[in-house]
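Reading through the structure tokens given below for one structure.
These numbers come from the heavy atoms of this one structure, side chains and all, not from hydrogens, waters or symmetry mates. Order of appearance sets the numbers: ligands from 1, and atoms from 1 within every ligand.
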Amino acid sequence: MTHRIVTLPGDGIGPEIMAPALRVLEAVGEFEFEEHPFGGASIDMHGTALTDEVLDRCRNADAVLLAAVGGPKWDSTDPAKPRPEQGLLGLRKGLGLYANLRPVKPLPALYDASPLKRERIVGTDLLVVRELTGGIYFGEKTRTADAASDVCAYTRMEIERIARTAFQAARAKVTSVDKANVLETSRLWREVVSALHAREFPHIALEHVLVDNAAMQLLAAPRHFDVILTENMFGDILSDEAAMITGSIGLLPSASLGGDGPGLFEPVHGSAPDIAGTGAANPLAMVLSVAMMLRHGLGLPDEAGAVESAVERALDGGLRTPDLGGSDDTSKATRAVLDNLFVPL
Ligand code: IPM
Ligand code: MG
């Protein structure tokens with residue numbers, strides 16, 4: 001069966017990292033690709049970051065692969081102007097992708113590429129489970145000349161379904177991160193997570209940690225974590241922080257799941273407009289997002305493992321893009337991955 005994949009290269013380094021991702025996919029199986037403009041590229045063509053037609057095409061695909069959106073060209077504080085990020089939020093919401101999975105596992109070859117001390121990060125293997133379609137990202141927004149507001153709202157149903165995802169993904173422990181000493185949404189969050197834990201997952205350990213403290217522990221003792229369960233905004237911030245444990249945000253993939261339809265797979269990093277066009281972009285987070293798509297989106301775990309091993313072997317072999325302190329460019333990185341790809345029979 002040929003899998004139909006919608007590809008959304010987006011802006012900045014997006015197209016430069018999408019191309020290697022497609023080459024890797026072509027090396028491991030049969031796929032049909034359908035590319036569409038998205039984000040800033042779509043604003044330029046259609047005046048909106050995500051057209052109804054593209055959302056519809058995504059709904060009908062087996063999986064959606066996205067590179068990155070945004071750039072200075074579309075940056076504006078004018079609320080009336082379209083923004084590339086609206087495409088991303090519209091796609092997540094439109095496909096019902098409430099569960100965002102962001103694994104953080106530094107590779108031994110890169111222990112010294114992290115700004116954190118080697119002995120601190122050795123053995124870290126955690127997963128951030130971020131709620132992706134609720135909270136302050138999607139609450140009502142108001143704006144006058146002198147005042148603005150963003151509402152943070154959560155329902156019991158929204159909290160329970162993401163908590164279930166986290167408990168199911170955990171091997172031993174879930175750390176639920178909130179700000180229950182201040183926020184009402186966090187108090188509901190804590191109540192719902194605790195009740196679900198008692199009812200369905202008593203064999204998994206559960207701890208509640210305030211977000212400021214979690215930010216600190218993530219640097220002080222990253223090995224402490226198994227699954228970090230948190231709401232949309234906290235998850236956004238903590239996952240960038242956690243990326244530095246691996247040495248570079250250029251290495252972190254993500255999967256967004258939960259709807260009845262296809263999942264969305266994208267790197268955690270952005271469109272890096274400062275290095276777009278220089279050939280310096282690290283394509284590994286994108287390639288690892290392909291692996292997550294193969295595993296979680298298309299049910300091809302062997303192919304996913306082959307891609308992950310290829311990335312690991314390429315790094316073991318000395319591949320270092322500029323974000324990792326080296327001078328290898330995107331095409332060299334792509335070649336290194338392809339050379340180390342042993343396709344499963
Ligand atoms: C991410 C990004 C997005 C987010 C932006 C681009 C809207 O930072 O996927 O983490 O905040 O969710
Ligand atoms: Mg982010």
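Of the listed options Leu89, Leu88, Asp236, Asp236 places a heavy atom closest to atom 8 (O) of ligand 1.
Within the 4.0 Å heavy-atom criterion, the part of Arg102 lying near ligand 1 is the side chain and not the backbone. With a heavy-atom cut-off of 4.0 Å, His269 does not touch ligand 1 at all.
The pair Arg295-Glu303 fails the salt-bridge criterion, with no side-chain N (NZ, NE, NH1 or NH2) lying under 4.0 Å from an Asp/Glu carboxylate O. The pair Glu191-Arg187 does not meet the salt-bridge criterion, since no charged nitrogen lies less than 4.0 angstrom from a carboxylate oxygen.
Classified by interplanar angle (parallel below 30°, tilted 30° to 60°, perpendicular above 60°), the ring pair Tyr154/Trp189 is perpendicular.
Applying the side-chain contact (heavy atoms from CB on, under 4.5 Å) rule to Ala27 yields the partners Leu338, Leu341; only residues at least two apart in sequence or on another chain are considered.
For the Mg ion (ligand 2), the count of nearby protein N, O or S atoms, meaning those under 2.8 Å away, is 1.
Per-residue contacts place Arg130 under 4.0 angstrom from the following atoms of ligand 1 (heavy atoms of the residue considered): 1 (C), 4 (C), 9 (O), 10 (O), 11 (O), 12 (O).
A cation-pi arrangement is absent between Arg4 and Phe31, since the terminal nitrogen or guanidinium carbon is not both under 6.0 Å from the aromatic centre and inside a 45° cone about the axis. Relative to the six-membered ring of Tyr137, Arg130 meets both conditions, a distance below 6.0 Å and an angle of at most 45° to the axis. Geometric assessment of Lys179 against the ring of Phe234 yields a negative cation-pi assignment under the 6.0 Å and 45° thresholds.
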Applying salt bridge (Lys or Arg N to Asp or Glu O under 4.0 Å) to Glu160 and Arg199, what does each step give before you reach the verdict? CA-CA 12 Å; Glu160 191 170 290; Arg199 221 169 48 239; 3.3 Å; yes
